[in-house]
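What you are looking at is a predicted structure, and each value in this text was computed from that prediction instead of being measured.
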Amino acid sequence: MKVKLAHLADKQDRAPRHKEESLLQDFEKLLSSKHGVQAFRSFLRSEFSEENIEFWLACQDYRGTKSPGKLVPKAKRIYSQFVAVQAPQEVNLDSETREAVTVCVSEPTPASFSAAQQRIYTLMEKDSFPRFLKSSYCLEALRSL
């Protein structure tokens, strides 16, 4: 009895050859990889939307802040850099989310930017990431692995 295993070989051929390659195909994994973030940042820079990844990374850093005394200056810096109207790297937030963050900044908690960070994450995942996967930036990152 002969069994055809060609379909298994095809799946192996299509599977990422390196761990890093698979990181570039999944948005959450992409953001957990230094190499992935670099490639995605370069792509966003080319689209004039680098502020999104910069904001997301700043929020990640903020959420990891252990010292309560450091929350206030970090919150003010993130707010003035990314959230305030006419901020130097203003991110695209709806007015409701922007207002909620504005209120939270006066007495910041580790979760002060969570809703805004999630909005920007979703924007990048649904809008920018599919274009990134088709871009020369992704191809170059894959080649360099």
Side-chain angles (χ1 to χ4, degrees), residues 5 7-145:
L5 299 175
H7 67 286
L8 294 176
D10 288 345
K11 285 183 182 175
Q12 282 182 329
D13 289 344
R14 281 185 256 132
R17 285 179 229 117
H18 303 328
K19 183 180 177 185
E20 285 283 325
E21 247 179 88
S22 68
L23 289 176
L24 296 177
Q25 302 301 315
D26 177 275
F27 190 60
E28 189 173 328
K29 289 179 183 177
L30 175 89
L31 294 180
S32 69
S33 158
K34 184 178 179 179
H35 185 73
V37 168
Q38 273 184 322
F40 192 56
R41 178 185 280 138
S42 295
F43 169 74
L44 290 177
R45 187 177 302 125
S46 77
E47 292 204 329
F48 303 99
S49 59
E50 185 181 12
E51 69 277 359
N52 292 328
I53 190 70
E54 296 299 335
F55 173 72
W56 188 86
L57 290 168
C59 290
Q60 285 296 96
D61 176 65
Y62 176 82
R63 286 177 34 191
T65 302
K66 303 283 188 237
S67 169
K70 292 183 180 180
L71 285 179
V72 172
K74 281 187 176 186
K76 287 181 179 180
R77 188 170 40 253
I78 292 170
Y79 181 82
S80 64
Q81 186 69 29
F82 301 104
V83 180
V85 176
Q86 300 297 316
Q89 291 183 286
E90 184 179 357
V91 291
N92 188 8
L93 295 172
D94 59 272
S95 60
E96 186 178 307
T97 303
R98 189 177 309 277
E99 183 59 35
V101 170
T102 302
V103 170
C104 288
V105 169
S106 60
E107 293 184 36
T109 68
S112 292
F113 295 97
S114 294
Q117 183 183 22
Q118 185 58 48
R119 296 242 192 257
I120 296 304
Y121 178 94
T122 301
L123 175 70
M124 291 188 300
E125 180 181 40
K126 303 291 185 211
D127 185 50
S128 303
F129 185 61
R131 288 194 311 278
F132 168 74
L133 291 175
K134 297 174 188 173
S135 74
S136 62
Y137 292 89
C138 184
L139 294 174
E140 286 174 31
L142 288 172
R143 280 189 211 120
S144 70
L145 298 175

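- Between F129 and F27, the two ring planes are tilted [angle within 30° to 60°].
- Proximity of a side-chain donor or acceptor of S106 to a complementary backbone N or O of V103 within less than 3.5 Å is detected.
- At least one side-chain heavy atom of I53 sits less than 4.5 Å from a side-chain heavy atom of L31.
- S46 is listed as a side-chain neighbour of Y137, based on a closest heavy-atom distance under 4.5 Å.
- L57 and V37 get closest at one heavy-atom pair: CD1-CG1, 3.9 Å.
- Counting only residues at least two apart or in different chains, salt bridge (charged side-chain N to carboxylate O under 4.0 Å, His left out) contacts with residues 53-70 comprise R41-E54, D61-K74.
- At a threshold of 4.5 Å between non-hydrogen side-chain atoms, the residues E47 and R131 count as touching.
- Contact record, S33 with G36: OG-N, 3.0 Å, taken as the closest heavy-atom pair.
- Taking 4.5 Å as the limit, every side-chain heavy atom of C59 sits out of range of all side-chain heavy atoms of F82.
- Rounding to the nearest 0.5 Å gives a distance of 13.5 Å between CD1 of I78 and NZ of K76.
- Interatomic distance, CD of Q89 versus CD of E51, reported as 7.0 Å (0.5 Å rounding).
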Practice problem: Would you sort out whether S128 and L44 count as a side-chain contact (heavy atoms from CB on, under 4.5 Å), showing the intermediate values? | Solution: CA-CA 8 Å; S128 303; L44 290 177; 3.6 Å; yes

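- Between V101 and A116 the shortest heavy-atom distance is CG2-CB, 3.8 Å.
- Judged by distance alone, with hydrogens and angles left aside, the side-chain atoms of S42 form a donor-acceptor pair with the main-chain N or O of Q38 at under 3.5 Å.
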Practice problem: Begin from the C-alpha positions of Q117 and Q60 and carry the test side-chain contact (heavy atoms from CB on, under 4.5 Å) through to its verdict. | Solution: CA-CA 9 Å; Q117 183 183 22; Q60 285 296 96; 2.7 Å; yes

Practice problem: Quick one: do R98 and E90 satisfy salt bridge (Lys or Arg N to Asp or Glu O under 4.0 Å)? Show the steps, please. | Solution: CA-CA 11 Å; R98 189 177 309 277; E90 184 179 357; 3.4 Å; yes

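- To the nearest 0.5 Å, the span separating OG on S49 from CG on L123 amounts to 8.0 Å.
- Considering all non-hydrogen atoms of both residues, P108 and Y62 come closest at CB-OH, 3.1 Å.
- Side-chain contact between F40 and M124: present, with at least one pair of heavy atoms (C-beta onward) separated by less than 4.5 Å.
- For the 3.5 Å distance criterion, the side chains of Q118 and T122 qualify, holding a donor opposite an acceptor.
- Two residues are said to be in side-chain contact when any heavy atoms from C-beta on lie closer than 4.5 Å; T65 and P110 fail this criterion.
- Put simply, the side chain of F113 reaches to within 4.5 Å of the side chain of V83, judged on heavy atoms.
- Using the six-membered ring where Trp is involved, Y121 and W56 have ring planes that are tilted, between 30° and 60° apart.
- Atom OG of residue S136 and atom CZ of residue R143 lie 8.5 Å apart, to the nearest 0.5 angstrom.
- Closest heavy-atom contact between A141 and H35: O-NE2, 3.6 Å.
- For the atom pair SG of C138 and CZ of F132, the computed distance is 4.5 Å after rounding to the nearest 0.5 Å.
- Taking CD of E99 as the reference point, atom CG of D94 lies at 11.0 Å (rounded to 0.5 Å).
- The closest side-chain heavy-atom distance from V91 to N52 is below 4.5 Å.
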